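Read through the structure below, which is laid out as structure tokens, and then see the notes.
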Amino acid sequence: CGSGSLLLKAAKILGKEKVRQGFYGQEINITTYNLCRINMFLHDIDYDKFDIANEDTLLSPQHWDDEPFEVIVSDMTAFWVKGTYYELTMYFDAWNKEIVGYGLVSRKGDIRSYYDGLEQVLKRIKKEQTDQLIILHTDQGSVYSSESYNKLLDNYNIERSMSRAGTPTDNPVNESLNGWIKEELIMDFNIEGYQNRNDVLMALSRYQHYYNRMRPCFALDYDTPHNFYERFKNGKIERRNTFKDRQLSDKPKLSRQKK
């Protein structure tokens with residue numbers, strides 16, 4: 001979370017009173033971590049309204065969303081199949097790591113993958129009939145920051161969030177998933193043996209089904225994203241409330257201990 005500038009920007013745009021569960025952050029550098037805590041206090045965000053941890057977001061994430069569709073994250077990754085270059089844009093629900101949308105193009109710089117994936121996300125939001133505030137987090141790429149892309153969000157209760165320039169660790173969900181998803185597509189779904197884009201798209205469709213409905217997820221206690229979501233809808237999983245049992249203390253939350 002750096003020095004807290006993104007958190008404070010969210011407070012300014014949304015209004016502190018509209019942030020129901022408080023402000024969460026995680027910063028690996030101890031000096032920047034302390035600066036972030038100080039900035040919270042300086043901007044009248046009391047201790048019981050923020051939770052900043054000192055830890056690596058990729059190796060040891062300290063915060064998770066409380067319910068589905070609170071935060072959607074997206075990023076683009078690229079790979080080669082049979083000499084053809086592909087760009088894959090994926091959208092994940094940060095709550096249960098479910099793939100909620102994706103788009104694939106076979107030409108470098110083709111922006112359609114971003115829009116195809118976003119269209120699937122918006123259809124899913126309509127289907128779920130959720131009117132809660134949703135944060136869509138991406139990097140500052142030209143498509144994600146374009147007027148045409150963000151105009152598609154006008155009719156939805158979606159607020160935009162963007163990583164700091166050159167800071168991929170601001171999007172740890174995508175950064176941790178993209179690499180091994182490509183490995184599984186190659187090793188388990190044999191996409192390197194396909195001849196054209198349609199074949200690769202079919203493999204991606206099968207992979208999405210496998211990933212969401214069959215593949216155990218460590219972060220979900222080895223449940224699948226789809227089943228975890230169904231259990232939540234049926235009341236078998238309680239909604240997380242990170243601040244409910246919090247013991248107020250001015251002691252910094254240091255996950256990393258000095259040796």
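What you see is a predicted model; the values in this text were computed from it and never measured.
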Once you round to the nearest 0.5 Å, how far does CD1 of Ile38 lie from OH of Tyr33?
-> 11.0 Å
Is there a donor-acceptor pair under 3.5 Å between the side chain of Asp93 and the backbone N or O of Val100?
-> no
Is Met76 reachable from Leu152 through a run of hydrophobic residues whose side-chain heavy atoms are each under 4.5 Å from the next?
-> yes
Kindly say whether Ile52 contributes a backbone atom to a donor-acceptor pair with the side chain of Gln26 at under 3.5 angstrom?
-> no
Any donor-acceptor pair under 3.5 Å linking the side chain of Asp75 with the backbone of Thr138?
-> no
Hey, could you give me each pair passing salt bridge (charged side-chain N to carboxylate O under 4.0 Å, His left out) that has a residue in residues 193-211? Not counting sequence neighbours.
-> none
Is Leu136 reachable from Ile111 through a run of hydrophobic residues whose side-chain heavy atoms are each under 4.5 Å from the next?
-> yes
In terms of hydrophobic clusters joined by side-chain contacts under 4.5 Å, are Ile181 and Tyr210 together?
-> yes
Where the side chain of Gln208 meets the backbone of Ile99, is there a donor-acceptor pair that is under 3.5 Å apart?
-> yes
In short, Ser113 meets Thr89 closest at the heavy-atom pair OG-OG1, 2.8 Å
Report yes or no: do Arg213 and Asn227 form a side-chain donor-acceptor pair below 3.5 Å?
-> no
Asn234 CG: over 12 foreign heavy atoms closer than 6.0 Å | yes
Is Ile72 reachable from Ile125 through a run of I, L, V, M, F, W or Y residues, each pair having side-chain heavy atoms under 4.5 Å apart?
-> yes
Interatomic spacing from CG in Asn178 to CG in Leu88 - rounded to 0.5 Å = 7.5 Å
Give the ring-plane orientation class for Tyr222 versus Phe218, where under 30° counts as parallel, over 60° as perpendicular and anything between as tilted.
-> perpendicular
Side chains of Leu118 and Tyr149 in contact at under 4.5 Å (non-hydrogen atoms) | yes
For Lys236, does its backbone N or O pair with a side-chain atom of Arg231 as donor and acceptor, under 3.5 Å?
-> no
So CZ of Phe50 and CG of Leu8: to nearest 0.5 Å the spacing works out to 10.5 Å
For the residue pair Tyr229 and Glu128, confirm or rule out a side-chain donor-acceptor distance under 3.5 Å.
-> yes
How far apart are the C-alpha atoms of Glu98 and Arg124, what are their side-chain angles, what is the distance that settles it, and do they pass the salt bridge (charged side-chain N to carboxylate O under 4.0 Å, His left out) test?
-> CA-CA 12 Å; Glu98 180 182 0; Arg124 178 67 181 275; 3.0 Å; yes
In this structure, CG of Leu204 is separated from CE of Met90 (nearest 0.5 Å) by 7.0 Å
Would you confirm whether Glu27, through its side chain, and Cys36, through its main-chain N or O, come within 3.5 Å as a donor-acceptor pair?
-> no
Donor-acceptor pair between Tyr85 and Glu87 side chains, under 3.5 angstrom | yes
Side chains of Tyr114 and Ser74: is there a donor and an acceptor less than 3.5 Å apart?
-> no
First locate atom CG of Leu122, then atom CG of Asn155, and finally report the distance between them rounded to the nearest 0.5 Å.
-> 9.5 Å
Report the relative orientation of the aromatic rings in Tyr86 and Phe79; use parallel for angles under 30°, tilted for 30 to 60°, perpendicular for over 60°.
-> parallel
Residues in side chain to side chain contact (heavy atoms under 4.5 Å, CB included) contact with Ile186, at least two apart in sequence or another chain | Ile191, Glu192
Are the side chain of Lys182 and the backbone of Ala78 linked by a donor-acceptor contact shorter than 3.5 Å?
-> yes
Is a donor on one side and an acceptor on the other found under 3.5 Å between the side chain of Asn212 and the backbone of Pro225?
-> no
Which residues satisfy the salt bridge (Lys or Arg N to Asp or Glu O under 4.0 Å) test with Asp154, sequence neighbours excluded?
-> Lys151
Go through Lys97 and Phe228 one step at a time and tell me if the side chain to side chain contact (heavy atoms under 4.5 Å, CB included) criterion holds.
-> CA-CA 10 Å; Lys97 314 302 178 290; Phe228 191 82; over 6 Å; no
Is a side-chain donor or acceptor of Ser146 paired with a backbone partner of Val143 at a separation under 3.5 angstrom?
-> yes
With distance as the sole test, does Gln132 use its side chain to make a donor-acceptor pair with the main-chain N or O of Pro68 at under 3.5 Å?
-> yes
Check whether NZ of the Lys or CZ of the Arg Arg215 lies under 6.0 Å from the centre of the six-membered ring of Phe189 and within 45 degrees of that ring's axis.
-> no
Mind checking whether Trp80 and Trp180 sit in one hydrophobic cluster, side chains of I, L, V, M, F, W, Y counted as touching below 4.5 Å?
-> no
In this structure, SG of Cys217 is separated from NE2 of His226 (nearest 0.5 Å) by 14.5 Å
